[in-house]
2 protein chains.
Amino acid sequence: MQNRNSMNLTDAPDTSGFIQRSNSLSGSVYDAIFAQLMSLKIAPGSRITVDNLVRELNVSQTPIREALGRLEGEGLVVKTHLIGYSAAPQIARRRFDELYQLRLLLEPDSAARAAAAMDKEKLAALQTAAGMMGRREDTDERLRYSTFARQDALFHDKIMEIAGNELIRETLNHQHTHFHIFRLMFHSRVTEEALDEHEALLAAFAAGDAAGAERAMRIHLERSRDRLLPAFE
Amino acid sequence: MQNRNSMNLTDAPDTSGFIQRSNSLSGSVYDAIFAQLMSLKIAPGSRITVDNLVRELNVSQTPIREALGRLEGEGLVVKTHLIGYSAAPQIARRRFDELYQLRLLLEPDSAARAAAAMDKEKLAALQTAAGMMGRREDTDERLRYSTFARQDALFHDKIMEIAGNELIRETLNHQHTHFHIFRLMFHSRVTEEALDEHEALLAAFAAGDAAGAERAMRIHLERSRDRLLPAFE
DNA sequence: CGATATAAAATCCTATAGGATATAGTATTG
DNA sequence: CAATACTATATCCTATAGGATTTTATATCG
């Protein structure tokens with residue numbers, strides 16, 4: 001019964017045929033903690049004790065410290081000397097504004113570049129990513145929004161990929177990691193409008209209209225921002 | 001004689017009067033490795049063995065792993081399972097282009113915002129930061145460029161600070177960390193021109209000319225890019 | 001002479017143990 | 001009853017030791 005509550009840290013089934021264990025233990029620990037942060041199992045601002053992780057993950061302290069250090073480098077956890085680690089605090093109003101300011105500087109331009117580089121198969125991939133959001137089967141409101149948020153991120157990321165600047169893509173993905181947590185905390189049901197805005201974006205992409213895509217992305221971001229703004233009231 | 005080559009990891013003299021040791025050991029180790037990366041004492045792409053660090057810093061493995069994990073999260077080192085850590089590889093041409101593309105999207109806009117928010121004391125602080133670069137006393141070419149690079153970064157950072165978007169500021173600083181290493185590898189002596197461009201920026205700031213500051217920043221960045229481009233030949 | 005196989009060294013990786021510090025709870029005293 | 005001092009627990013922090021894997025060197029064989 002010793003492991004009754006311990007997490008499963010084993011790797012994914014190895015389909016490649018290679019024998020080597022692909023992940024280091026510290027890497028697996030990192031994944032586990034990361035997942036807990038993303039799923040809000042660890043709430044923003046709450047403390048993260050390494051002893052608890054030792055018991056929960058059934059691993060020694062060293063790999064946990066290594067993983068927590070990595071998360072600290074990414075800004076997802078903060079460390080205070082002789083106090084310990086804790087999850088990064090909830091995003092504040094100010095940072096929220098800053099984030100959308102950043103997105104508005106980067107993403108419309110990238111949308112224009114993506115439109116210019118568009119071809120048939122890229123467009124198809126985009127439509128697929130956008131189309132998956134159309135499903136409205138989930139009954140659980142929270143779960144539904146969770147999946148929408150993930151797929152919206154995928155859609156935007158796909159555009160960044162086509163735009164071709166990996167650095168900008170990584171930068172936005174990094175920030176999105178924080179943003180994702182925020183959205184999950186205040187999941188509002190205003191997702192239908194976003195789907196229409198994605199449609200407008202797709203139309204511009206299909207037409208290869210760079211200026212139109214840039215405009216559509218700008219409008220989409222501004223509306224997205226305004227939809228989430230009430231969360232701070 | 002055991003410690004004849006060990007680094008000094010002690011904290012700065014405590015002038016605040018507080019008794020507590022401000023930095024954790026892993027934090028001091030982080031600073032030490034970070035400094036070695038910035039000063040090119042550890043070359044880009046070269047391996048970083050933790051055993052060597054144990055001997056050099058006279059510290060056990062655990063805090064070193066924690067620090068290396070943090071550096072990995074920041075992208076300054078990479079880890080390969082069962083191989084170990086190594087310094088991030090030299091910046092490639094492609095990423096160089098991407099970086100300047102990112103800067104051109106963010107910094108001119110921030111320059112405009114900074115110009116709009118300018119006042120007497122902020123301007124004075126900027127002029128101080130820019131003025132320090134005027135000194136051309138150093139005889140050692142390499143050292144001179146090293147100090148110029150650092151102060152150029154400070155000047156740009158000061159502008160970002162005045163612009164008011166902390167997120168953008170952090171993003172650029174983060175990237176600059178990588179960029180700094182690149183510049184040190186290919187220190188060219190084309191710093192004089194940059195000083196003139198900074199003068200143009202300061203003039204726009206002094207006049208509170210947002211559009212002018214934006215234009216000046218754009219020109220400065222494009223020229224800076226073109227000056228460094230030959231490094232890839 | 002080149003290639004393969006074996007052995008040794010270096011290095012990574014993980015676990016355990018003990019000292020140091022902060023936090024929480026309890027008791028004592030004015 | 002409130003405030004302070006003290007104790008105990010929890011937690012962080014660091015060091016040491018040993019197993020696992022890769023890399024390097026050496027020797028043997030074709």
Side-chain angles (χ1 to χ4, degrees), chain A residues 2-3 5-11 14 18-33 36 42 45-73 77-88, chain B residues 2-3 5-11 14 16-33 36 42 45-73 77-88:
Chain A
Q2 183 186 351
N3 296 0
N5 280 331
S6 67
M7 294 274 293
N8 179 9
L9 252 51
T10 58
D11 300 336
D14 191 329
F18 291 104
I19 307 152
Q20 61 178 356
R21 198 173 60 181
S22 54
N23 288 352
S24 68
L25 187 52
S26 62
S28 302
V29 170
Y30 170 86
D31 292 337
I33 302 176
Q36 292 198 22
I42 299 178
S46 64
R47 288 188 55 177
I48 303 176
T49 65
V50 347
D51 278 16
N52 282 348
L53 287 173
V54 165
R55 281 184 287 273
E56 182 183 356
L57 302 179
N58 204 31
V59 181
S60 82
Q61 290 194 1
T62 312
I64 291 178
R65 291 194 166 280
E66 197 167 352
L68 284 172
R70 188 171 155 201
L71 289 164
E72 184 192 10
V77 307
V78 290
K79 181 188 178 187
T80 314
H81 182 44
L82 295 179
I83 299 294
Y85 288 95
S86 60
Chain B
Q2 183 185 350
N3 295 2
N5 280 332
S6 66
M7 292 275 293
N8 179 10
L9 251 53
T10 57
D11 300 335
D14 191 326
S16 64
F18 291 105
I19 306 152
Q20 62 179 354
R21 199 174 58 181
S22 53
N23 288 353
S24 66
L25 187 53
S26 64
S28 301
V29 170
Y30 169 87
D31 292 337
I33 302 175
Q36 291 199 22
I42 299 178
S46 65
R47 288 189 56 178
I48 303 177
T49 65
V50 346
D51 278 15
N52 282 347
L53 287 173
V54 164
R55 281 185 287 273
E56 181 182 357
L57 302 178
N58 204 31
V59 181
S60 82
Q61 291 194 0
T62 311
I64 290 178
R65 291 195 165 279
E66 197 167 351
L68 283 173
R70 189 169 154 203
L71 288 165
E72 184 191 10
V77 306
V78 291
K79 180 189 178 186
T80 314
H81 182 43
L82 295 179
I83 300 294
Y85 288 96
S86 59

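Values in this document were obtained by computation on a predicted structure and should not be read as measured data.
Side chain of R70(A) to backbone of G27(A): no donor-acceptor contact under 3.5 angstrom is found. Under a 3.5 Å cut-off, the side chain of R65(A) and the backbone N or O of V50(A) do not form any donor-acceptor pair.
Distance CG (L25(B)) to P (dT16(D)): 12 Å, rounded to an integer number of Å. If you measure from atom CG of D51(A) to atom P of dA20(C), you get 18 Å, rounded to the nearest angstrom. In this structure, the CG atom of N52(B) is 18 Å from the P atom of dA9(C), given to the nearest Å. Between R47(B) atom CZ and dT23(D) atom C1' there is a gap of 8 Å when expressed in whole angstrom units. Spacing between atom CG of L53(B) and atom P of dA10(C) amounts to 17 Å, rounded to whole angstrom units. Atom CD1 in I64(A) sits roughly 12 Å away from atom C1' in dA15(C) (whole-Å rounding). The distance between atom NZ of K79(B) and atom P of dC12(C), rounded to the nearest whole Å, is 10 Å. When rounded to the nearest whole Å, the span between CZ of R55(B) and C1' of dA15(D) equals 16 Å.
Taking the side chain as every heavy atom from C-beta outward, D51(B) and Q61(B) approach each other to under 4.5 Å.
Backbone-only contact: I48(A) has heavy atoms under 4.0 Å from sugar-phosphate atoms and none from a base.
Comparing dC12(D), dT23(D), dT11(C) by their closest approach to the side chain of I83(B) singles out dT23(D). For R65(B), the listed nucleotide lying nearest its side chain is dC13(C); candidates were dT11(C), dT16(C), dC13(C). The T49(A) side chain lies nearest to dT11(D) when the options are dT14(C), dT11(D), dC12(C). In the set dC13(D), dC12(D), dT14(D), dC13(D) carries the atom at the smallest distance from any side-chain atom of H81(A). The nucleotide whose nearest atom lies closest to any side-chain atom of T62(B) is, among dT16(D), dT14(C), dT11(D), dT16(D).
For a distance-only test at 3.5 Å, the side chain of Q61(A) qualifies as a donor-acceptor partner of the base of dC13(D).
At the phosphate of dT14(D), neither OP1 nor OP2 sits under 4.0 Å from any side-chain N or O atom of S60(B).
Qualifying side chain to side chain contact (heavy atoms under 4.5 Å, CB included) partners for S60(A), counting only residues two or more places apart in sequence or in other chains: T62(A), P63(A).
Among I64(A), V29(A), V59(A), N58(A), the one residue that satisfies the side chain to side chain contact (heavy atoms under 4.5 Å, CB included) test with L53(A) is I64(A).
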